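Have a look at the structure below before the remarks.
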Amino acid sequence: MVRRRSLLLASSAAGLAVGGAAVYGVRAAGGSGDAGGESRGGGGRPRQLAEMPAFAGDLLDPAGSHGDVLVQVAGDRAGEVRTAVERLLPAVPGWRERWRIEGFRAGNREEGGRGLARNPFHFTEGFGNPAGDRETADRALVRAGQGEPEWAVGGSYQVVRVIRLATELWDRDSVSEQERIIGRRRDGRWLDGAPTDEEPNFAADPKGRFTPLDSHVRLAVPDRRDPPPLVRRSYSYDRGDGDTGLVFSCFQRDLAKGFEAVQKRLEGEAMAKYLLTTGGGYYFVPPPGDHWIDAFR
């Protein structure tokens with residue numbers, strides 16, 4: 001199975017990058033900040049776009065967080081991705097690289113319309129994403145009438161979190177204990193016996209006999225019939241010397257109802273002692289096409 005590769009770069013920039021891979025970000029410390037302010041054409045900035053705050057348990061490294069522009073380059077081979085990045089940087093001399101990280105998706109595949117991959121904790125993730133384009137768009141894309149600038153309709157808020165995982169500590173636990181911490185089997189099946197394509201009945205397990213009350217999936221989505229409005233697409237990373245983890249990435253039309261609501265529910269989860277978020281940021285992905293560029297001229 002091909003491991004799909006990705007490389008993220010965040011930079012301070014003198015202006016807004018043009019192109020589908022560019023992301024409109026916030027002002028970076030030491031940067032010019034043009035991309036973080038109001039557009040020259042009066043289009044306005046996305047109303048929820050701000051510097052990502054530190055949540056409970058975070059230890060954000062300023063040198064590996066935030067930035068005016070985020071660019072993600074993806075491909076099937078790591079060498080090709082790196083070559084594309086090295087060709088890109090000289091083409092935009094106004095950019096100053098702020099941070100970068102390379103990721104991969106082990107066991108990358110599609111099942112039932114969902115993109116799945118195995119994370120460094122040996123669990124398959126991606127089952128919580130919608131299977132169809134319509135529901136994906138409903139969760140991820142900004143709608144008209146949300147109070148966002150007109151140019152932003154059809155775009156998406158992106159959250160990136162660089163999460164270091166205590167894999168050595170994790171691997172000391174038995175598989176059954178790991179599954180109770182996550183709230184699923186390694187292959188995605190539910191602990192109450194429900195298959196991956198069905199939803200568990202948490203209401204029938206009020207004391208957490210099957211799925212612990214402090215498990216990751218139960219806190220993140222307490223009512224499986226009402227999933228949070230976001231779509232995940234994460235990558236694993238390995239920088240060597242034990243620095244292994246997850247480049248968590250999710251897209252949503254509303255930060256407060258999407259990522260932030262889930263993150264607050266996860267405070268105190270059983271998995272917290274194995275996680276340390278060290279970087280990332282909030283960004284905004286423009287809608288497809290180039291019509292939005294006119295708002296910044």
Side-chain angles (χ1 to χ4, degrees), residues 1-13 17-23 25 28 60-61 63-93 95-111 113-127 129 140 156 158-168 170-171 186-188 231-251 274-283 285-286 288:
M1 179 62 63
V2 172
R3 294 185 177 186
R4 188 162 181 79
R5 303 279 180 162
S6 178
L7 196 149
L8 290 173
L9 301 103
S11 69
S12 301
V18 175
V23 179
L60 299 181
D61 176 5
S65 307
H66 319 306
D68 293 313
V69 177
L70 180 74
V71 176
Q72 179 171 339
V73 180
D76 291 333
R77 296 178 178 83
E80 293 177 354
V81 171
R82 295 189 193 107
T83 298
V85 170
E86 297 310 318
R87 289 177 177 173
L88 170 67
L89 292 176
V92 280
W95 288 13
R96 177 176 61 82
E97 183 180 322
R98 185 175 178 87
W99 59 269
R100 71 163 69 185
I101 190 166
E102 185 171 340
F104 60 91
R105 286 174 60 83
N108 185 54
R109 64 191 188 279
E110 183 174 312
E111 289 183 10
R114 296 177 175 87
L116 307 178
R118 186 176 63 256
N119 64 34
F121 278 171
H122 322 297
F123 279 72
T124 298
E125 59 177 49
F127 291 107
N129 282 336
S156 185
Q158 181 178 5
V159 176
V160 176
R161 306 262 291 171
V162 179
I163 307 172
R164 185 166 181 169
L165 302 180
T167 52
E168 185 175 344
W170 178 261
D171 288 340
R186 280 188 171 185
D187 62 4
V231 178
R232 291 182 52 171
R233 179 71 175 181
S234 299
Y235 292 79
S236 300
Y237 78 84
D238 187 350
R239 289 167 160 167
D241 296 326
D243 186 359
T244 302
L246 197 68
V247 185
F248 171 89
S249 179
C250 70
F251 302 85
Y274 304 92
L275 314 176
L276 180 63
T277 298
T278 61
Y282 285 174
Y283 305 93
V285 183

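Atoms considered below: every heavy atom in the structure, side chains included; atoms not considered: hydrogens, waters and symmetry mates. This is a predicted model, so every value here is computed, not measured.
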Open item on the list: Determine whether Val285 and Phe251 satisfy the following criterion, side chain to side chain contact (heavy atoms under 4.5 Å, CB included), listing intermediate values before the conclusion.
Closed with: CA-CA 9 Å; Val285 183; Phe251 302 85; 4.0 Å; yes

Open item on the list: Please evaluate residues Arg233 and Asn129 with respect to the criterion side chain to side chain contact (heavy atoms under 4.5 Å, CB included), reporting the C-alpha separation (whole Å), side-chain torsions for both, the decisive distance (0.1 Å), and the verdict.
Closed with: CA-CA 9 Å; Arg233 179 71 175 181; Asn129 282 336; 6.0 Å; no

- [ ] Test side chain to side chain contact (heavy atoms under 4.5 Å, CB included) on Val73 and Arg100 and set out the steps.
- [x] CA-CA 11 Å; Val73 180; Arg100 71 163 69 185; over 6 Å; no

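Considering every non-hydrogen atom in both Ser234 and Phe248, the closest pair reads OG-CA, 3.3 Å. Taking all atoms of both residues into account, the shortest heavy-atom contact from Pro120 to Gly245 is CG-O, 3.4 Å. Nearest heavy atoms, Arg118 versus Ser236: O-OG, 3.8 Å. Shortest non-hydrogen contact noted between Gly279 and Leu60 is N-CD2, 3.8 Å. Smallest separation of non-hydrogen atoms from Tyr237 and Glu102: CB-O, 3.4 Å. The shortest heavy-atom contact between Phe127 and Asp187 is CZ-O, 3.3 Å.
Here Arg114 pairs with nothing under the salt bridge (Lys or Arg N to Asp or Glu O under 4.0 Å) rule; sequence neighbours left out. Partners of Glu168 under the side-chain hydrogen bond (donor to acceptor under 3.5 Å, both in side chains) rule, at least two apart in sequence or in another chain, do not exist in this structure. In terms of the salt bridge (Lys or Arg N to Asp or Glu O under 4.0 Å) criterion, Arg186 has no residue partners (sequence neighbours excluded).
Rounded to the nearest 0.5 angstrom, Arg161 CZ and Leu275 CG are separated by 9.5 Å. Within the model, atoms OG1 of Thr244 and CG of Asn119 stand 12.0 Å from one another, a figure rounded to the nearest 0.5 Å. One distance of note links CD1 of Ile163 with OG1 of Thr278; it measures 9.0 Å at 0.5 Å rounding. Within the model, atoms CG of Asp68 and CZ of Arg96 stand 8.5 Å from one another, a figure rounded to the nearest 0.5 Å.
Between the side chain of Thr124 and the backbone N or O of Gly188 there is no donor-acceptor pair closer than 3.5 Å. Judged by distance alone, the side chain of Tyr283 and the main-chain N or O of His66 form a donor-acceptor pair under 3.5 Å.
Contact annotation: the side chain of Val247 never approaches that of Phe104 to less than 4.5 Å [non-hydrogen atoms, C-beta and beyond]. Put simply, the side chain of Arg239 reaches to within 4.5 Å of the side chain of Ile101, judged on heavy atoms.
When Asp61, Asp238, Asp243, Asp241 are each tested for a salt bridge (Lys or Arg N to Asp or Glu O under 4.0 Å) with Arg164, only one passes: Asp243.
Below 30°, between 30° and 60°, or above 60°: for Tyr274 and Phe121 the angle between ring planes is above 60°, a perpendicular geometry.
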